[in-house]
Amino acid sequence: MLSLTAVCKGYASSEGRVAVLDGVSLSLAAGETLALTGESGSGKSTLLHLCAGLDAPDAGRIAVAGRPMGRSDAERAALRRGTVGLVFQQFNLIPSLDVAANLAFQARLAERHDPRWQAELTAALDLGPLLSRYPEELSGGQQQRVAIGRTLAARPALVLADEPTGNLDETSGDKVMALMLRLVAETGAALLMVTHSPRLAAQLDRRVHLRGGRLS
Ligand SMILES: Nc1ncnc2c1ncn2[C@@H]1O[C@H](COP(=O)(O)OP(=O)(O)OP(=O)(O)O)[C@@H](O)[C@H]1O
């Protein structure tokens, strides 16, 4: 579902060019869940952004669902829209849309809006009573449940999550995490999740650690 081969990425800095990823190879099968850990600044978000096609590697290859990630922004955006779902720490809900419209937004863009599946997600995520509210009227945990529902409503084959429960307290974070894992399993999607928490990482099928630009 996801494969990275000898991926390198660096950034220009005042001290010259700094390599962040230095030959990263990784593969993730359909339905598999993988936790990516590493110290702050080790390059976890950089790696996730490359997998999402939000940026391009300097060298190496990335393929999603058997299709090579294109070099142009437009090609990468098309692949992302059809296949990849993102759940980030910032929920990025659309402030002018109510919860129901936020939930449907990405599925509509991907031309996969399915009212029955959206109703199932709404029930599983306990969002029924909140459907006509706007994002600013929701708590952090409620916003995160909407963000997860919106991503899964489009039935992505690959879900990329960056510290999805990072700004929730431990109890709400655990609940949201358990729900996300259950729903990801129900859709058969593969999940790559960045986390600082060994406790959360332990709940996934596999774990990899990023250090010195390489995975172990
Ligand atoms: N656009 C950019 N331009 C320059 N340097 C960048 C850019 N993005 C990230 N970096 C640098 O690359 C390194 C890796 O950053 P990245 O955000 O991927 O780390 P991370 O492991 O996700 O960190 P954290 O856990 O703190 O979020 C850092 O040293 C960061 O300063």
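Each ligand, and each atom within it, is numbered from 1 in the order the structure gives.
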Can you tell me the protein heavy atom closest to [atom] and the distance?
atom                    : value
atom 26 (O) of ligand 1 : Ser40 OG, 2.6 Å
atom 19 (O) of ligand 1 : Gly43 N, 3.2 Å
atom 1 (N) of ligand 1  : Tyr11 CE2, 3.6 Å
atom 16 (P) of ligand 1 : Thr46 OG1, 3.7 Å

Hphob cluster co-occupancy, Val7 + Val64, side-chain heavy atoms under 4.5 angstrom: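 Shared cluster, yes.
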Which of the atoms of ligand 1 are close to [X], meaning less than 4.0 Å from one of its heavy atoms?
X      : answer
Lys44  : 18 (O), 19 (O), 20 (P), 21 (O), 22 (O), 23 (O), 24 (P), 25 (O)
Val20  : 12 (O), 13 (C), 14 (C)
Glu39  : 21 (O)
His196 : 25 (O)
Ser42  : 19 (O), 21 (O)

Measure the [atom1]-[atom2] distance between [X] and [Y] for me, rounded to the nearest 0.5 Å.
X      : Y      : atom1 : atom2 : answer
Thr37  : Leu210 : OG1   : CG    : 8.5 Å
Leu179 : Asp126 : CG    : CG    : 8.5 Å
Leu183 : Leu152 : CG    : CG    : 6.0 Å

Ligand 1 versus Glu163: contacting region, heavy-atom distance under 4.0 Å: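 The answer is neither.
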Distance-only side-chain donor-acceptor flag, Ser42 / Glu39, under 3.5 Å: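 Result is no, nothing qualifies.
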Side-chain donor-acceptor contact under 3.5 Å, His209 with Ser216: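 No.
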Option nearest atom 29 (O) of ligand 1 (shortest heavy-atom distance, choices Ala19, Ser45, Gly10, Gly41):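 Among Ala19, Ser45, Gly10, Gly41, the closest heavy atom to atom 29 (O) of ligand 1 belongs to Gly41.
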N/O donor-acceptor pair under 3.5 Å between Arg206 side chain and Leu34 backbone: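 No, Arg206 side chain to Leu34 backbone: no donor-acceptor pair under 3.5 Å.
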Audit row: Ser45, Asp162, side-chain hydrogen bond (donor to acceptor under 3.5 Å, both in side chains) steps and yes/no: CA-CA 7 Å; Ser45 302; Asp162 198 349; 3.1 Å; yes
Under-4.0 Å protein heavy-atom contact, atom 4 (C) of ligand 1: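 Yes.
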Protein non-hydrogen atom below 4.0 angstrom of atom 31 (O) of ligand 1 present: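 No, because not a single protein heavy atom sits under 4.0 Å from atom 31 (O) of ligand 1.
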For Ala161 against Met180, the heavy-atom pair lying closest together: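 Closest heavy-atom pair between Ala161 and Met180: CB-CE, 4.2 Å.
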